[in-house]
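What follows is a set of notes on a single structure, which appears directly below.
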Amino acid sequence: MKEFIRNRLLEEIGPGEPKKAAGVLIKCLETNRVLLLLRAEGTHSNKWAMVSGGIDEGEEVLTGLKREIGEEMQINADNPDTKIDFTFKKKIVNTIKNSEFYYYEGFTNSEFIPKLDHENHDYLWCSKDELPSPLYPGLSTKIQNI
């Protein structure tokens with residue numbers, strides 16, 4: 001009976017907008033190293049990951065990703081005075097069930113020191129040959145391909 005009611009509601013109101021999240025793997029062009037954050041919260045706590053987070057309803061994906069950069073690292077990705085020149089390149093959109101993940105590659109001319117919020121324990125600039133462990137699932141492939 002519950003399944004019948006759920007299906008009827010979905011027919012009437014539709015499945016709704018998919019939940020969206022985005023992440024960026026940031027590579028320094030000068031040193032050829034990538035920035036990783038050690039996650040402190042969620043199901044992937046204590047794993048090295050890229051900057052990522054949820055996109056608010058009605059928010060453009062890249063705008064939301066830049067907001068996440070600001071929240072997690074206290075950096076304004078649009079501010080030319082920060083001396084961090086981010087160039088974003090959209091790479092992949094993965095759809096799983098009712099969620100979408102937008103993966104970007106980001107490039108900066110020099111390494112910087114992020115000021116981390118409560119979502120991350122630590123940060124690391126690392127080469128493709130010296131990756132920390134444990135990594136967020138699938139991140140090693142993205143790092144090798146950037």
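For the numbers below, each heavy atom of this structure counts, side chains included, while hydrogens, waters and symmetry mates do not.
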Residue pair [X] / [Y]: nearest heavy atoms and the distance that separates them:
X	Y	answer
K47	P137	CD-CD, 4.5 Å
G23	F101	N-CZ, 3.5 Å
Y123	L35	CD1-CD1, 3.9 Å
L62	Y104	CD1-CE2, 4.0 Å

Notebook entry, point to check: Around atom CD of E60, are there more than 12 heavy atoms of other residues, nucleotides or ligands at under 6.0 Å?
Noted result: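 Open: at most 12 neighbouring heavy atoms sit under 6.0 Å from CD of E60.
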Does some side-chain heavy atom of R67 sit less than 4.5 Å from a side-chain heavy atom of D56?
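Yes. Closest side-chain heavy atoms under 4.5 Å.
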| message | Just so I know, are the side chains of K27 and V34 near enough to count as touching, which here means a heavy-atom distance under 4.5 Å? | response |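 Result yes, sub-4.5 Å side-chain heavy-atom pair found.
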Distance, nearest 0.5 Å, that separates [atom1] of [X] from [atom2] of [Y]:
X	Y	atom1	atom2	value
L37	D122	CG	CG	9.0 Å
M73	E119	CE	CD	11.5 Å
I69	S52	CD1	OG	10.5 Å
H118	E72	NE2	CD	8.5 Å
I55	E68	CD1	CD	6.5 Å
H121	R39	NE2	CZ	10.0 Å

Sequence neighbours excluded and cut-off under 3.5 Å, please list the side-chain donor-acceptor pairs for residues 124-132, or say none.
{"residue": "W125", "atom": "NE1", "partner": "F112", "partner atom": "O", "Å": "2.9"}
{"residue": "S127", "atom": "OG", "partner": "D129", "partner atom": "N", "Å": "3.4"}
{"residue": "S127", "atom": "OG", "partner": "E130", "partner atom": "N", "Å": "3.4"}
{"residue": "K128", "atom": "NZ", "partner": "I146", "partner atom": "O", "Å": "2.8"}

Those residues at least two apart in sequence (or on a different chain) that pass side chain to side chain contact (heavy atoms under 4.5 Å, CB included) with L139 are L25, L36, M50, L135, Y136, K142, I143
